[in-house]
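A short write-up of the structure that comes next.
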Amino acid sequence: MAHYDYVEKAVNVSRREFLQIIGVAGAVMWTGVYVATDLVQDRTKYIKMRAQGIYKDDLKAKVRQSHNNPALNEMYNKFAQKPLSPLAEELFHTRYVDRTKLG
Amino acid sequence: MRGFQRQELSRIIEIDRKKCKGCDSCKVFCPTDAIDGKYGTVHRIDSYKCVFCGQCLVNCPFGAPTDVVDPVDQIIEKLNDKKVTVVAAIAPAVRVAIGEEFGMEPGRLLTEKLYGAMKEAGFKVFDINYAADHTIMEEGSELLAKIRHYMLGEPTEHHLGALPQFTSCCPAWVRYVELNYPQIIPNLSSAKSPMMMAGSLAKTYGSTEVWHVKPEDIYVVGVMPCTAKKFECSRPEFDSASQYWEKQGHKALYPDVDSNLTTRDLARLFKKLNINFNTSYDFADGDNPLAQYSGAGTIFGNTGGVMEAALRTAYFLITGNELENLEFTPVRGLKGIKEAALTMKDNKTGKDLTLKVAVVHGIKENAVPLIEQVVAGNSPYHFIEVMNCPGGCVNGGGQPIHAMGTSWVDKWKAMLPWS
């Protein structure tokens, strides 16, 4: 008959010690979760911060509509006449290619 | 080569074999499923499917995808050549991100500082914000002509495409359409992107009215938050300035935009020229007509920005009055598909018309459903803005890289090992 040598408790942990260990383990776990969610947030913060910078540029601009840009209107007067004029069509418009038919 | 015109760049982004760990992160961000390779093996990019947006590049945790087109030395050579006028066409999104390369906080608006550093390096400035205003005039007038013709039944003298009209500013989006949905090409606005308008304008109007130099001595460098712009500027059809001069008897062949720097490339160029961006002086460039821009031009860098700018002008062109509240908030923010409707009274006919618009960013998740509607012929919209990168150009593939990646909009699932 096999002989079993069985020890009831390898480590003696009192109720108070058990609570302490669980407390520390929980804190470590929650810090991990907290950091991980922060990281995911961080990953879109660059977009938001840069977008804010651009909207700030819009707010401080003296002229806020394209058709009121004086330098642009001067260019049309001196050079391209008006949007969609023959010269504008030639210089400022393009065509596209069906790439499924290429090579 | 399959899917490419002659002389177009076909390799812009390549995955470094030594750095790739085969973690599949890039596949989550790739809008066209252009990345091949099994989990755990070295990945490679299929250049036929690739639209060169660079989203894999800014989001790879190991920095494996790299931009292999490096024009920095060539541009420095041009800057040292006294005969050449080097014009930098600076995109809106560059001014809020370039500071990050020099240790400043993200989103800091640095227009004057950037102009100053550009001047120090020897560039003339052509602000793309001006070209964006220009794009709005051309693209908005095109939309208006379509509305007048198709919705109000007026005759037209222009050769018009179809409604809904898609924006055509994003080169990755344009290539995506050309590759995958050629049947909606008539819906793309025929207007060039702001960079390309800037190129042809610099070598015609800029040459005679602003810098007073020969067009062949102007070297236009696009400064973009974008890797796909490198592809766009290699497209052979963009030589309108050269053709314009040829009709007037000058014979010289040159592209509208000669070269292209990303925000990262520009930072490297400054460092190579020993320009300390942190201490460079502010320069307003007030006398330069091509650096005057409106608020509508600058918001082009954000998702929804092109639409907002277009609505401000379309409203004026249709009603004859200015829009009262300029901040059109329904098109702002990071929601995947944003919709809005604007009712206005047509000045000419006195009829009421409702302009229905949609804004999407991220092709794979958000644009495809709208394209399918257009293909099926039941799209409720008149005007649709598409930007390939999540958040718009501010988060483009040419922007400063942060080790944790920048475009995790709705992509947190990519962290789960089974996705």
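Every value quoted in this text rests on a predicted model; they were computed, and no experiment measured them. Reminder, nothing fancy here: chain letters follow the sequence lines and each chain counts from 1.
Take A:Lys62 and apply the side-chain hydrogen bond (donor to acceptor under 3.5 Å, both in side chains) test, not counting sequence neighbours, and it matches no residue. Qualifying side-chain hydrogen bond (donor to acceptor under 3.5 Å, both in side chains) partners for B:Glu157, counting only residues two or more places apart in sequence or in other chains: none.
Interface residue B:Lys247: only side-chain heavy atoms are found under 4.5 Å from chain A. Looking at B:Phe238, the atoms closer than 4.5 Å to chain A (heavy atoms on both sides) all sit in the side chain, from C-beta outward. With a 4.5 Å cut-off on non-hydrogen atoms, A:Lys101 does not touch chain B at all. Only the side chain of A:Asn69 comes within less than 4.5 Å of a heavy atom in chain B; its backbone stays farther off. Within the 4.5 angstrom heavy-atom criterion, no atom of B:Asn180 approaches chain A. Only the side chain of A:Ala61 comes within less than 4.5 Å of a heavy atom of chain B; its backbone N, CA, C and O stay farther away. Residue B:Thr208: no heavy atom, backbone or side chain, is found under 4.5 Å from chain A. The part of B:Val174 that comes within reach of chain A is its side chain, from C-beta onward, which places non-hydrogen atoms under 4.5 angstrom from that chain. For chain B, the nearby parts of A:Glu90 are the backbone and the side chain; heavy atoms of each come within less than 4.5 Å. When heavy atoms are compared at a cutoff of 4.5 Å, B:Ala241 approaches chain A solely by way of its backbone atoms N, CA, C and O.
Interface summary for chain A: among B:Ser294, B:Pro182, B:Gly107, the most heavy-atom pairs under 4.5 angstrom belong to B:Ser294. Here A:Arg50 is the residue among A:Met49, A:Met75, A:Arg50 with the most heavy-atom pairs under 4.5 Å with chain B. Here A:Thr94 is the residue among A:Thr94, A:Leu59, A:Thr100 with the most heavy-atom pairs under 4.5 Å with chain B. Highest contact tally toward chain A, considering only B:Ser141, B:Ser190, B:Ser200, is held by B:Ser190 [criterion: heavy-atom pairs under 4.5 Å]. Per-residue counts of heavy-atom pairs under 4.5 Å with chain B were compared for A:Ile54, A:Asn68, A:Leu102; the largest is that of A:Ile54. Among B:Gln183, B:Gln399, B:His158, the residue making the largest number of heavy-atom pairs under 4.5 Å with chain A is B:His158. With respect to chain A, the highest number of heavy-atom pairs below 4.5 Å among B:Met196, B:Arg175, B:His159, B:Glu105 belongs to B:Arg175. Counting heavy-atom pairs under 4.5 Å between each of A:Asp57, A:Asp98, A:Leu87, A:Val63 and chain B puts A:Asp57 at the top. When the candidates B:Arg235, B:Gln243, B:Glu142, B:Arg312 are compared by the number of heavy-atom contacts under 4.5 Å with chain A, B:Arg312 comes out ahead. In terms of heavy-atom pairs under 4.5 angstrom with chain A, the leader among B:Gly392, B:Ala132, B:Pro400, B:Gly333 is B:Pro400.
Atom-to-atom distance recorded for A:Glu74:CD and B:Glu209:CD is 8.0 Å, nearest 0.5 angstrom. How far CZ of B:Arg108 is from NZ of A:Lys56: 8.5 Å, rounded to the nearest 0.5 Å. Considering NZ of A:Lys48 and CG of B:Asn302, their distance stands at 13.0 Å, rounded to 0.5 Å. Taken from OG1 in B:Thr204 to CZ in A:Phe92, the straight-line distance is 5.5 Å, to the nearest 0.5 Å. A:Lys82 contributes atom NZ, which lies 10.5 Å from atom CD of B:Glu138 (distance to the nearest 0.5 angstrom). The CZ atom of A:Arg99 lies 6.5 Å from the CG atom of B:Leu179; values are rounded to the nearest 0.5 Å.
Ring geometry, A:Tyr76 versus B:His134: the interplanar angle exceeds 60°, so the pair is classed perpendicular (tilted spans 30 to 60°). Between A:Phe79 and B:Tyr205, the ring planes lie tilted relative to each other; the angle falls in the 30° to 60° range.
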(message) Assess the residue pair A:Arg95 and B:Glu237 against the criterion (salt bridge (Lys or Arg N to Asp or Glu O under 4.0 Å)); give the C-alpha distance rounded to whole Å, side-chain angles, the decisive distance to 0.1 Å, and a yes or no.
(response) CA-CA 8 Å; A:Arg95 63 202 151 69; B:Glu237 67 266 30; 5.3 Å; no
(message) What verdict does the side-chain contact (heavy atoms from CB on, under 4.5 Å) test give for B:Arg332 and A:Tyr55, after you've listed the backbone C-alpha separation in whole Å, the side-chain angles of each residue and the deciding distance to 0.1 Å?
(response) CA-CA 10 Å; B:Arg332 294 189 178 187; A:Tyr55 284 130; 3.2 Å; yes
(request) Apply side-chain contact (heavy atoms from CB on, under 4.5 Å) to B:Leu326 and A:Gln65, showing your working. (result) CA-CA 9 Å; B:Leu326 289 178; A:Gln65 302 99 337; 3.5 Å; yes
(message) Run the side chain to side chain donor-acceptor pair (under 3.5 Å) test on B:Glu322 and A:His67 for me, step by step, so that the C-alpha distance in whole Å, both residues' side-chain angles and the decisive distance to 0.1 Å come before the verdict.
(response) CA-CA 10 Å; B:Glu322 299 289 359; A:His67 55 273; 3.1 Å; yes
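Nearest heavy-atom pair, B:Ala296 versus A:Asp58, reported as atom, atom and distance to 0.1 Å: N-OD1, 4.1 Å. Contact record, A:Tyr96 with B:Ser189: OH-O, 2.6 Å, taken as the closest heavy-atom pair. Taking both residues in full, the closest heavy atoms of B:Met137 and A:Pro83 are given as O-CB, 3.6 Å, listed atom of the first, atom of the second, then distance. Closest heavy-atom contact between B:Gln5 and A:Val97: NE2-CG2, 3.5 Å. The heavy-atom pair separating A:Ala51 from B:Val394 by the smallest distance is N-CG1, 4.3 Å. In this structure, A:Leu84 and B:Ala145 approach most closely via the heavy-atom pair CD1-CB, 4.4 Å.
Applying the 6.0 Å contact sphere to CG of B:Asp287 captures no more than 12 heavy atoms from other residues, nucleotides or ligands.
Contact check on B:Glu308 versus A:Arg64 returns no salt bridge, with no Lys/Arg side-chain nitrogen under 4.0 Å from an Asp/Glu carboxylate oxygen.
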